[in-house]
Amino acid sequence: MTQFLKGTDRPISEAYRLALLDLDGVVYRGKNPVEHAADSIREAERVGMAMEYTTNNSSRFQAVVAEQLRGFGLDVQPWQVITSSVVAARMVAHHVPAGSKVLAAGAPHLREEITKAGLTLVDRVEDDPVAVIQGWYPEITWNELAAVAFAAQRGAMFLVTNRDLTIPRELGIAPGCGSLVNAVIEAVGRQPVASAGKPESAMYDEARQLVADAQAEAGHAEVEPVAKDRCIAIGDRLDTDIEAGNRGGYDSLVVLTGVASANSLIVAEPILRPTFIARDLRGLNEPHPQPVRQEDGSWRCADAVARLTDGTLNVEEAGDAEAALGSLDALRAACCAVWEAMDNGTDADDLVIPEFHV
């Protein structure tokens, strides 16, 4: 059954208790803040929404990321930043006895998180680690990758921080952690048992627990994690942030300040479809109108209407077709119209879809 966009009469910051925010393309771009992001986060916090910042980056220390965010005027503690190294170490700790030996190929941040998780960090395959975690950092060596392969071949539980095939750098696109993981897989002959990074949902699950742990520590009493239906995943990438939300059963908000484009949303496969759409993080503090299917098969969202006629998507807002191509409500209606057609067997490549500029 097709899952269409939802609506909410209240701002998202009031309808949900915990925001699981991606960083690059949502809160910042490299060293620079994304427009409206910091002000919107502060406003959401003012009405009671908690923030947890999630990233597949496995090499940056939480305190470094928190300091960057504080530079944008945000009040962020290091525990509010959850990296794939944090998640990987906690995942291992959930499955092996405290103090177990773990081998790591990765940045100092990954090594520190293994120790913080109550595990014993070892540097040699001969130390017989019960688990091995493969991460990424620019200085990673062939010897480190070989050690991961050797440990996995000897039966160590094999986890990775993320499976991103590429990573953007100043000079271009470089091989990411996933590319190096694939090289180790070729040597080992089997897949890792788990990946800590998105699009797996473990990062969101651990974020909820970290918030509960911090609240319990502050109040000296056990606190239950925020329920999934009161959490919302927020990101700019459909194939990581939004897919992780769908895999884990979380509602999601996609913002158009990073990778995702309006037209990529319209033809998204089910696993990549968000719950809400916003231009930027100002959407945190706004109601979102509900797209509604009309009796004639068209979809209406507020004053915008979208319909498929003979394989062509037509949109208008208050009777204006040109203005609709810049309308967020028209985009919402268009997504629902095309998703319905795709899930009924229509090939998106056979559709004529105008270019939106939301």
For Asp241, is there any backbone N or O sitting under 3.5 Å from a side-chain donor or acceptor partner on Tyr204?
yes
Determine yes or no for a side-chain-to-main-chain donor-acceptor pair under 3.5 angstrom, with Glu317 supplying the side chain and Ala330 the backbone.
no
Backbone N or O of Val181 within a donor-acceptor pair of the Arg163 side chain at under 3.5 Å?
no
Keeping the roles fixed (side chain from Asn56, backbone from Ser84), state whether a donor-acceptor pair exists under 3.5 Å.
no
Shared hydrophobic cluster, Val148 / Val96 (ILVMFWY, side-chain heavy atoms < 4.5 Å):
no
Verify same cluster id: Ile12, Val358 (apolar side-chain graph, 4.5 Å):
no
Within a radius of less than 6.0 Å around CD of Gln153, do more than 12 heavy atoms belonging to other residues, nucleotides or ligands occur?
yes
Check this for me, if you would: do Asp213 and Arg90 make a salt bridge, where the nitrogen-to-carboxylate-oxygen distance has to be below 4.0 angstrom?
yes
Do Lys198 and Glu243 sit within salt-bridge range, that is, some charged N less than 4.0 Å from a carboxylate O?
no
Is it true that Glu126 and Arg154 have a side-chain N and a carboxylate O under 4.0 angstrom from each other?
no
Looking at Gln294, is its backbone amide N or carbonyl O close enough to the side chain of Ser298 to form a donor-acceptor pair, meaning the two atoms are under 3.5 Å apart?
no
Before giving the answer on salt bridge (Lys or Arg N to Asp or Glu O under 4.0 Å), spell out for Glu35 and Arg29 the whole-Å C-alpha distance, their side-chain angles and the decisive distance to 0.1 Å.
CA-CA 10 Å; Glu35 300 82 358; Arg29 296 188 192 94; 3.3 Å; yes
Using the six-membered ring wherever Trp is involved, compare the ring planes of Trp299 and Phe4 and label them parallel, tilted or perpendicular (cut-offs 30° and 60°).
tilted
Any donor and acceptor pair, going by atom type alone, linking the side chain of Thr120 with main-chain N or O of Lys101 inside 3.5 Å?
no
Donor on one side chain, acceptor on other, His36 and Arg279, under 3.5 Å
no
Can you name the side-chain hydrogen bond (donor to acceptor under 3.5 Å, both in side chains) partners of Thr166, sequence neighbours left out?
none
When you measure from the side chain of Asn57 to the backbone of Ser59, do you find a donor-acceptor pair of N or O atoms at a distance under 3.5 Å?
yes
When clusters are formed by joining ILVMFWY residues with side-chain heavy atoms under 4.5 Å apart, either directly or through shared neighbours, do Val315 and Trp339 land in the same one?
yes
Regarding Arg111 and Asp123, does a basic nitrogen lie under 4.0 Å from an acidic carboxylate oxygen?
yes
Checking the side chain of Glu14 only, and the main-chain atoms of Pro11 only, is there a donor and an acceptor separated by less than 3.5 Å?
no
Check Asp164 with Arg237, please: is the shortest side-chain N to carboxylate O separation under 4.0 Å?
no
Short question: side chain of Gln62, backbone of Val81 - any donor-acceptor pair under 3.5 Å?
yes
In plain terms, say whether Arg307 and Asp296 are close enough for a salt bridge, that is, a side-chain N and a carboxylate O under 4.0 Å apart.
yes
d(Ile234 CD1, Leu20 CG) to nearest 0.5 Å is 7.5 Å
Taking Asp236 for its side chain and Val26 for its backbone only, find out whether a donor-acceptor pair lies under 3.5 Å.
no
Answer yes if Leu210 and Val226 sit in the same cluster of Ile, Leu, Val, Met, Phe, Trp and Tyr residues linked by side chain heavy atoms under 4.5 Å apart, and no otherwise.
no
Taking 4.0 angstrom as the limit, do Lys116 and Glu113 come out as a salt bridge?
yes
Can you hop from Val267 to Val352 via hydrophobic side chains spaced under 4.5 Å?
no
